[in-house]
Every structure is written in C-alpha cells, then in structure tokens.
There are 2 protein chains.
Amino acid sequence: MYTGTFELAEESKPIRDIAYDRLKHAIITGELPAGARIVETTYAEQLHISRTPLREALRKLERDGLVEYVLRHGVVVRAFTVADIEEIFTIRNAMMMLILPSVVERVTARDIAELRMLLSEMDVAQKEEDADALASFNRAFHSKIEHLTDKKRILRVIDDQEEYILRFSAITIASIVRRSKAHQEHHQMVDLLERHDLEGLEKLMEHHLEESKQTCLAAVANRK
Amino acid sequence: MYTGTFELAEESKPIRDIAYDRLKHAIITGELPAGARIVETTYAEQLHISRTPLREALRKLERDGLVEYVLRHGVVVRAFTVADIEEIFTIRNAMMMLILPSVVERVTARDIAELRMLLSEMDVAQKEEDADALASFNRAFHSKIEHLTDKKRILRVIDDQEEYILRFSAITIASIVRRSKAHQEHHQMVDLLERHDLEGLEKLMEHHLEESKQTCLAAVANRK
DNA sequence: TTAGTATGGGCTGTATACAGTGTACAATTT
DNA sequence: AAATTGTACACTGTATACAGCCCATACTAA
C-alpha cells in the first residue's frame, strides 16, 4: 500500500523507478562504493518500501551494468578499472563522431541561444568556483548538444556510457574549475556550431573528450 | 563490502532469467510481434510461474529496449523502423572497427582452427540450404570472431545491438543461402585473420556488414 | 590444534494476496 | 443518436508470507 512515503513528488512514477533513481544516484555519488553489497531487506526498509519494487529496480541496474548479480547472493556494486574508463571514452568518442554531422545540420538559432544562456551561467559558476553548479551545468550543456541529433539509438549508447563515468564527475569537475581551458572550449563549441563548422567541431570535441578522459583516469588512479 | 566466496559453477538459473530468455526468444522469432502486449498474468500462467519473476524479466527487457513500458498499462513489444536498422548497423560497424585491431592481434592458431571447423559445418548447411542450421552457425561464427577481443565493454555494445537485429535473422539468412558470396566472405575473413591482415579485414568486414544491412532493410520493407 | 560437522540466522527466490487504477461497455440522460 | 455517467472487470502496483540456500559460528572428534 502506497502511503505517500515519498512526499518528494514524482507521483506519476512507480515506486520501483524511484528506487531505481535513488540507487543509481547513490552509486554515482559514491555513497554506495564499488564492492558494496545491496541487501534487499536493508534497502527496502531504508526506503520504506517492500522488496518487490526494490528487486525490480535492481534488475534494471543489473542490465545497466552498474551492479553485478551473484547467484543466491544478491547484487554488488561493480568496480571500475582503468581499462573500463579507456573503453567508455573510446565508445563515447566514436559515437559522438557519428552524431556530430546531424547535430551540426540540425542546430537552430534558438538552440544556440539556449546554449549561450547555459554558458553564461557556467561563467558565473566558473568564476565562483562552484563545482556543484558547474557539474550540473556542464552535464546539461553536453547533453543539450548531444540531444540535437536525431539518431536516437546512438544517443542512447552515449547516454548509457556517460552514466558510468558520472561517478567520477564530482572529482573531474573540480579539476575542470582549475582547467579553465575546458570552459573556453565550451564557448568555442557553440561558436563552431553557430558556423555549422563540422570539421572544427569534430576536432575540438575529440580533444575535449580526450582531456576529459585523462582527468577521469587521474581521478580513478587517485582513488586507490 | 562482499568478500566471501561463491561457486563459479553454472548452476540452475533463477526462474526470472529463464522467463527473460523465453520472452526474448519469443520477441526475436516474431512469435511476439511488435505492438503485442505482454500481459503478466497470461504469461505467468503460460510459463507456469508466478508474476514476481516474470515482472523482473520484464524490467530487464525494458532496459534492453525490446519492450516499452506504459504506466499502469504493462509492457508492449517495441516496433522497428528503417531508421532503427540504419543506426544499429552504423553502431555495430563503428564498434567493430574499434575492436578489430585487438582481434587481429589476439587471434591464435587454435582460434583459426575452430573457425575453420565452423566454416566446414557452414559449408554443409550452405550446400543443403539448411537455413536454420546456417543461421545458428553464422551467429556462432561472427560471435567467435568478435569475442576474440579483450574490449569487453565495446563487445557488450555490439552484442546489445546484435540482439535487436536477430529478429530479422530468419529472413536475412534465407537470402544469405542464395547469396553465396557472403559465405565466401566468411572464408576470406578467416584467411585474413590467419595472416593478421588488419586492413584487409577492416575492408571486408565493412563490406560484409553493409551487405547484411541491405538484406535487413529489404526484410523490414517486405514485412509491411 | 585441526578438520569435520551441526545448526541457526540472514538473505534470496518465488508465490500469493490485496489494493487501486484504467477501460470497456451498458445504462441513463439530453 | 450523442453524450454522460455508472459499474464490473481486467490488469498493474505493492506488500507480505514462506521456502530454501549459504555462510558463519560453535561444537565435536581425531
């Protein structure tokens, strides 16, 4: 019986999806570190729900690859190796190159305006060194660009891969604040988009992702 | 943290995974066509299981993108458009190009022998025009080559995409029987692998996948 | 000690009960 | 007849009960 334990709106979604979001968030923020075992009864109690919707959430996380299922042992948060990061960025970069033509082709003046709006907010966050704000704006910025494509399936692959590295965003963004070059690159991207300069954008994006990967790799190395 | 030990042996799978496999198979073979609604009670009864494991299977299929969940309406088998096929093959091809270097590097004499064994079985199936046998051998052949890589995540993306087009394999394989050139190409692939000829393999694979895509597209068009 | 063996608790796997919502269709009204 | 309301039914959403496995711990025997 759903007694309104989740007062935080989202009435439309089933509890299992709320549980899914919560668990995913916990994994991404590191609240649930790699190797942590997710015991159904414990988390069901903690979220004030029954095991049924929680288990359905776990099955989704399992297919996402965020947790690993061990027969008759439940699920465990999966660990990440350097090789994983390498592959994730390889995939992401390749997919990005596949969608960029459609992005450049489809971008409108309105999109540019919206991106510039985001940029100005990022300027502030950058100046104030507000890492949290910058993290969310950064994600929104990249997401907005990617979603300009009409290649839904490729986009899905990108989003999927992005999910994995979100775990390190807290760390990597902190260094982006320092590396203001990355922020300059965001401005350049919008300029290139406005000029529909595919080739320039390809080069810049590749460079940008490469730098991002290096930061990510450093973050993973430091974690040990 | 989970530090215990557990049996690595492949024991009996949970019912939910059996249900998952069954449903996936039903979707792939077309037994459950696009648009078909999967009613929990009906299928639970049919598989002689309760709704709980069935629902967990559905959550997996949902994340796979094979079915679509509608709030308070259950799941429906998703449809495929021509654009979907285009994208799937675009992704598959790009990912294939990413793993081929590692495949060429890692392939052993033993692998070549095993592939040749598969080929000889395919020769028979080809001669006897046994489409079913050829379909499974064809899949095994490609799977074997792909799994020579050590890039597990990229491989996963390939496998995921492959899953989608398996639905059309029955149709496409039938035409492969006619197009014996595709079968010749399989022989060439092994030869190129044996010679560690990356460039040649890249070209051949790209061509092979392109032909496969065309057949698939034709199959989808005919379905209407 | 060391190995082998009970045994109890914790947790997963599955079934089932029940609540609540949407839908189809009949009944009623205009 | 068209629109509206009422109502039963079908199906999903969630909770809960219960069985069985697995591991830890304790206990026994050599």
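So that the names make sense, note that chain A is the first sequence line, chain B the second, and so on, each numbered from 1. Quick caveat: nothing in here was measured; it's all calculated off a predicted structure.
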Q. Under 3.5 Å, is there a donor-acceptor pair between the side chain of B:Glu56 and the main chain of B:Arg16?
A.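 Flag not set: sc B:Glu56 to bb B:Arg16 has no pair under 3.5 Å.
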
Q. Counting any heavy atom closer than 4.0 Å, what does A:Leu58 reach on the DNA or RNA strands: base, sugar-phosphate only, or nothing?
A.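 No contact at all - A:Leu58 keeps every heavy atom at 4.0 Å or more from the nucleic acid.
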
Q.
Applying a 4.0 Å non-hydrogen cut-off, can you work out what A:Arg55 is touching in the nucleic acid: base, sugar-phosphate, or nothing?
A.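 A:Arg55: base contact, heavy atoms under 4.0 Å.
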
Residues in salt bridge (charged side-chain N to carboxylate O under 4.0 Å, His left out) with [X], at least two apart?
X: A:Lys151; result: none
X: A:Glu31; result: none
X: A:Asp132; result: none
X: A:Arg139; result: A:Glu162

Check nucleotides 17-19 of chain D for protein N or O atoms closer than 3.5 Å to its own N or O atoms and list the pairs.
none

Write down the distance between [atom1] ([X]) and [atom2] ([N]), rounded to a whole number of angstrom.
X: B:Arg72; N: D:dC9; atom1: CZ; atom2: P; answer: 22 Å
X: A:Ile15; N: D:dT16; atom1: CD1; atom2: P; answer: 11 Å
X: B:Leu71; N: D:dG13; atom1: CG; atom2: P; answer: 7 Å
X: A:Leu54; N: D:dG13; atom1: CG; atom2: C1'; answer: 15 Å
X: B:Arg59; N: D:dT12; atom1: CZ; atom2: C1'; answer: 9 Å
X: B:Tyr20; N: C:dG13; atom1: OH; atom2: P; answer: 17 Å
X: B:Ile38; N: D:dC11; atom1: CD1; atom2: P; answer: 14 Å
X: B:Glu40; N: D:dG13; atom1: CD; atom2: C1'; answer: 9 Å

Q.
Tell me whether the rings of B:His142 and B:His186 are parallel (<30°), tilted (30 to 60°) or perpendicular (>60°).
A.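 If you compare the ring of B:His142 with that of B:His186, the planes turn out perpendicular.
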
**Q.** Along DNA chain C (nearest heavy atom to each residue), the more 5'-positioned of A:Thr52 and A:Gly74
**A.**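 Counting from the 5' end, the first nearest nucleotide belongs to A:Gly74.
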
Q. If only side-chain N and O atoms of A:His73 are considered, is one of them under 4.0 Å from the OP1 or OP2 phosphate oxygen of D:dC23?
A.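 Yes, within the criterion.
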
Q: Mind checking side chain to side chain contact (heavy atoms under 4.5 Å, CB included) for B:Ala113 and listing every partner two or more places apart, or none if nothing turns up?
A: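 None.
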
Q: Indicate, yes or no, whether a donor-acceptor pair under 3.5 Å links the base of D:dT12 to the side chain of B:Thr41.
A: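 In this structure, the two groups form no donor-acceptor pair.
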
Q. What residues in residues 42-50 of chain B put a non-hydrogen atom under 4.0 Å from any atom of DNA chain C?
A.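 Under 4.0 Å from DNA chain C: B:Ile49, B:Ser50.
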
Q | B:Glu68: partners by side-chain hydrogen bond (donor to acceptor under 3.5 Å, both in side chains), with sequence neighbours left out | A |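 Checked B:Glu68 against side-chain hydrogen bond (donor to acceptor under 3.5 Å, both in side chains); zero matches.
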
Please table the atom pairs, donor to acceptor, closer than 3.5 Å between any side-chain atom in residues 93-106 of chain B and protein atoms at least two apart or in another chain.
from     : atom 1 : to       : atom 2 : distance (Å)
B:Ser102 : OG     : B:Ile99  : O      : 2.6
B:Ser102 : OG     : B:Thr149 : OG1    : 2.6
B:Arg106 : NE     : B:Leu148 : O      : 2.9

